[in-house]
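This report refers to the structure that appears directly beneath it.
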There are 2 protein chains.
Amino acid sequence: MDARDRLIEATRELLWDRGYVGTSPRDILARAGVGQGSMYHHFRGKADLAAAALRRNADEMRASGETVFADGTGVLDRLVAYLTRRRPALRGCRIGRMSEDPDVLADPRLRAPVEETLGWYRERVADLLAEGQASGELTTGFAPRQVAATVVAVVQGGYVLAKAAQSAEPFDDAIAGAVALLTALRTEEEHA
Amino acid sequence: MDARDRLIEATRELLWDRGYVGTSPRDILARAGVGQGSMYHHFRGKADLAAAALRRNADEMRASGETVFADGTGVLDRLVAYLTRRRPALRGCRIGRMSEDPDVLADPRLRAPVEETLGWYRERVADLLAEGQASGELTTGFAPRQVAATVVAVVQGGYVLAKAAQSAEPFDDAIAGAVALLTALRTEEEHA
DNA sequence: GTCTATACAATGATAGAC
DNA sequence: GTCTATCATTGTATAGAC
């Protein structure tokens, strides 16, 4: 792994744990094990490096979503697979965490990966729900876009609860509750 | 409003918008319109002042919860009232926001108000759901504690989505979706 | 490309005048 | 109680050697 890559990886870890304002170039250099010259050679500054790190986070998270939402089983099964995927409850979401950082929101280069990724997840879940309604697997008594936002919000909010409690339990509860609520959307025929 | 109070109020606003690491004593003094001597007379330092501010946030949020969860109508009506309460989607939750700040989580005096408040909301919602099951208003096919975590998580996660999108729409969607999902928990008799 | 040295503002706190 | 120095440390960036 070359210096540029080490810098990006170190930044990804620090952004995850401490956010953008909480992460200093000094911290990044120490963790990456490179000098300042290296960083300012490859990047224009902290924001530029953070943008590269967030772009990588977005790519990774998107790829992971593509996998879990892929065809193969019923719609509800895929949604449950998404919800119950193993997650680091106490560490939170690499992308979602950034929305709490005003400096990130203020910089279009930093906000774009965040907005795009969460927007994509909402859309993707909405598509799945609509597909389930069309196929008769799910009831038609709800708006896919709304419930999709609910589903994605549960995951993000679950992290908040887990961090506040310093325990994974509220996260697991929130996910389990969401699964129970979604399961209730099955049509009667499918119950059989 | 005396200097001490002005300091607390200024801190509450800054913590809300910029978090703990993003808020400096300098910012606080400027907004409160007092000098440094005043702050270090009334408080031992930044952490002590922040603790006072978060305590006030917790008290306020708890009181607001007591009101909306109070008796008077059906359980579902109260839950919907809680979910659809007018909220500043783009600004987020004064308490929930703090869970993303590692320095807050690391300091017991700062974390306590956050943990207590969100824990109290989860418990309160769980009690309501159990009450609804006991009275026959809600189905018994779910675990109150789990769905309660889901409900509270939707609000917290809705803020994340709204900030990421810089739009209240995903927040409103998440809430509306949650209302739709909860409404499906009504027993058949109640539908009439 | 990477390092060290340097610069300069901001952070968080202390000391002492009034 | 409040104000104005003052201070050590950190944050972010630049300059120039190698």
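Each chain gets a letter, A, B and so on, in the order its sequence line appears, and its residues count up from 1.
Under the 4.5 Å side-chain criterion, counting only non-hydrogen atoms from C-beta, Arg124(A) is in contact with Asp127(A). Side-chain atoms of Val151(B) and Tyr121(B), non-hydrogen and from C-beta on, never get closer than 4.5 Å to each other.
For the pair Arg86(B) and Phe171(B), the cation-pi criterion (under 6.0 Å, within 45° of the ring axis) is not fulfilled. Tyr20(A) carries Lys46(A) over the face of its six-membered ring, with the cationic atom under 6.0 Å from the centre and within 45° of the normal.
Looking at every heavy atom in both residues, Ala164(A) comes nearest to Val114(B) through CB-CG1, 3.8 Å.
Between Asp103(B) atom CG and dG12(C) atom P the separation is 9 Å, expressed in whole Å. dT2(C) atom P lies 11 Å from atom CZ of Phe43(A), rounded to whole Å. Atom CZ in Arg26(B) sits about 15 Å away from atom P in dC3(D), given to the nearest Å. Between the CG atom of Leu49(B) and the C1' atom of dA13(C) there is a distance of 14 Å, rounded to whole Å.
Just one residue in the list Arg62(A), Arg55(A), Arg111(A) forms a side-chain hydrogen bond (donor to acceptor under 3.5 Å, both in side chains) with Glu116(A), and that residue is Arg55(A). The one candidate from Arg91(B), Arg94(B), Arg12(B) that meets the side-chain hydrogen bond (donor to acceptor under 3.5 Å, both in side chains) condition with Asp17(B) is Arg91(B).
For DNA chain D, the residues of residues 27-42 of chain A within the heavy-atom distance limit of 4.0 Å (strictly under) are Gln36(A), Tyr40(A), sorted by number. Residues of residues 4-22 of chain B that place a heavy atom closer than 4.0 Å to DNA chain D do not occur.
A donor-acceptor pair is defined here as one N or O able to donate and one able to accept, closer than 3.5 Å; such a pair exists between the side chain of Arg6(A) and the backbone of Ala32(A).
Contact check, Ser24(B) against dT11(C): a side-chain N or O comes under 4.0 Å of OP1 or OP2.
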